[in-house]
Participant: 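Have a look at the structure that comes next, please.
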Amino acid sequence: CIIAPELNHELLQRVRLARTLNPQVWNCTEAAIELCGDKWAFFRHCQLHQLPTIPTYLTDDLACERMTWPRVLKLRLGAGSQSMQLVASSATWKQSLATFDSTRVETAAIVQPFIRGNAISVGAIVDSAGRYEMFPVADQFIDPSRGFAYSGGRIPSTWNTSAVRELAEGVLRSIPGLRGFVGIDLLIPDAAPESPLLIEINPRLTTSYTGYRRLCRDNLAALWLGETLPVENLRWHGGHVEFNSAG
């Protein structure tokens with residue numbers, strides 16, 4: 001299993017190289033990695049499949065001029081909180097844009113409205129037939145005032161609602177080629193907590209796996225490799241587990 005960030009196509013390139021050496025690589029297909037690693041492509045995918053997500057624009061889109069403040073700038077091919085910025089007003093907009101290089105897709109930015117709410121995630125294991133098992137919903141500890149720095153999470157979340165799980169299932173069904181462990185990031189808007197929004201899919205192992213591993217009474221790695229009972233028989237400890245950004 002290859003673990004690498006989506007930055008600059010790193011995950012895609014390393015999975016592609018690994019498969020030339022050994023076809024038994026426990027990662028998503030190259031097509032699924034490419035789609036999930038490109039935030040603009042993922043946004044358009046969500047639109048096509050009518051999956052609620054945060055409105056997203058390229059920085060040269062005229063619609064940006066009509067957006068309200070504050071706004072979020074992030075790398076189109078980003079991972080984690082790398083280079084994310086919360087832009088509060090027009091006074092610093094041009095300066096913030098200048099920190100991105102729009103001449104290359106690897107360094108270009110996308111822009112989104114800043115929506116206040118609770119960041120959550122859902123882990124899932126997907127087998128080679130596309131069948132999946134979702135894990136409990138996790139809280140994400142993220143600080144917008146510090147460049148959306150991620151400091152860990154807590155499992156289970158109080159936002160383990162049917163709306164969250166239905167949306168997570170919908171996006172899993174919509175993307176062929178997801179394999180192994182994937183992490184789905186979502187937002188619970190303060191203004192409409194009953195209507196969760198998709199943020200992105202991480203087509204790889206994420207930090208939350210360390211929490212799931214501690215909370216699950218069964219061997220998740222063995223399940224991932226197809227060496228244990230079906231996922232429907234997973235057993236979980238009571239209580240909750242917290243973890244920091246280092247796992």
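We number each residue from 1, following the sequence as shown.
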Participant: Okay, side chain of Ser81, backbone of Phe148: is any donor-acceptor separation there less than 3.5 Å?
Facilitator: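 Yes: the side chain of Ser81 pairs with the backbone of Phe148.
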
Participant: Side chains of Asn160 and Arg165: donor-acceptor distance under 3.5 Å anywhere?
Facilitator: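 A donor-acceptor contact under 3.5 Å links the two side chains.
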
Participant: Checking the side chain of Ser102 only, and the main-chain atoms of Phe100 only, is there a donor and an acceptor separated by less than 3.5 Å?
Facilitator: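 Side chain of Ser102 to backbone of Phe100, a donor-acceptor pair under 3.5 Å: no, none is there.
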
Participant: Are Pro113 and Ile54 close enough that some pair of their side-chain heavy atoms sits under 4.5 Å apart?
Facilitator: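 They are in contact (side-chain heavy atoms under 4.5 Å apart), so the answer is yes.
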
Participant: Under 3.5 Å, is there a donor-acceptor pair between the side chain of Tyr212 and the main chain of Gly123?
Facilitator: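 Checked: pair present.
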
Participant: Between the main-chain N or O of Ala32 and the side-chain N or O of Thr29, is there a donor-acceptor pair closer than 3.5 Å?
Facilitator: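 Yes.
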
Participant: Less than 3.5 Å apart, any donor N or O on the side chain of Asn118 or Asp139 sitting next to an acceptor on the other?
Facilitator: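 Note: Asn118 and Asp139 side chains miss the donor-acceptor criterion.
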
Participant: Between Thr207 and Tyr150, is any pair of side-chain heavy atoms under 4.5 Å apart?
Facilitator: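 The answer is yes, as the side chains (C-beta and beyond) meet within the 4.5 Å cut-off.
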
Participant: What do you reckon, is CD of Gln50 surrounded by more than 12 foreign heavy atoms closer than 6.0 Å?
Facilitator: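 No, not enclosed.
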
Participant: Give, for atom OG of Ser162 and atom CD of Glu169, the distance between the pair rounded to the nearest 0.5 Å.
Facilitator: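 So the gap between those two atoms works out to 10.5 Å.
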
Participant: Does the pair Asp185 and Gln140 meet the rule for a side-chain contact (heavy atoms from CB on, under 4.5 Å), with working shown?
Facilitator: CA-CA 9 Å; Asp185 291 345; Gln140 291 186 321; 3.2 Å; yes

Participant: For Arg116, does the CZ atom sit with more than 12 other heavy atoms under 6.0 Å from it, leaving out its own atoms?
Facilitator: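 Result for CZ/Arg116: open.
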
Participant: Within the 4.5 Å heavy-atom criterion, are Ile115 and Val72 side-chain neighbours or not?
Facilitator: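 Result no, sub-4.5 Å side-chain heavy-atom pair not found.
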
Participant: Answer yes or no: is there a side-chain heavy-atom contact under 4.5 Å between Cys216 and Leu234?
Facilitator: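 Sidechains of Leu234 and Cys216: in contact.
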
Participant: Drop me the distance from Ile199's CD1 to Cys46's SG, to the nearest 0.5 angstrom.
Facilitator: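 Ile199 atom CD1 to Cys46 atom SG measures 11.0 Å (nearest 0.5 Å).
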
Participant: Using a 6.0 Å cut-off, check whether atom CZ of Arg131 has over 12 heavy atoms from anything other than its own residue.
Facilitator: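 Atom CZ in Arg131 is not crowded, with 12 or fewer foreign heavy atoms closer than 6.0 Å.
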
Participant: Would you call Ser208 and Phe243 a side-chain contact if the rule is heavy atoms closer than 4.5 Å?
Facilitator: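 With C-beta onward as the side chain, the pair touches.
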
Participant: Under 4.5 Å between side-chain heavy atoms, chaining through other members, with only Ile, Leu, Val, Met, Phe, Trp and Tyr counted: pull out the rest of the cluster around Leu12, sorted by chain and number.
Facilitator: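 Direct or chained contacts put Leu12 with Ile2, Leu11, Val15, Val25, Ile33.
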
Participant: Under the 4.5 Å side-chain heavy-atom rule for ILVMFWY, direct or indirect, which residues accompany Leu21?
Facilitator: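 Leu21 clusters with nothing; isolated.
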
Participant: Run the side-chain contact (heavy atoms from CB on, under 4.5 Å) check on Asp38 and Leu77 step by step: do they pass?
Facilitator: CA-CA 5 Å; Asp38 185 335; Leu77 301 184; 3.8 Å; yes

Participant: For the pair His49 and His45, name the ring-plane relationship: parallel under 30°, tilted 30 to 60°, perpendicular over 60°.
Facilitator: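 Correct class here is tilted.
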
Participant: Side chains of Val111 and Met67: does their closest heavy-atom pair fall under 4.5 Å?
Facilitator: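 Answer yes - side chains close enough.
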
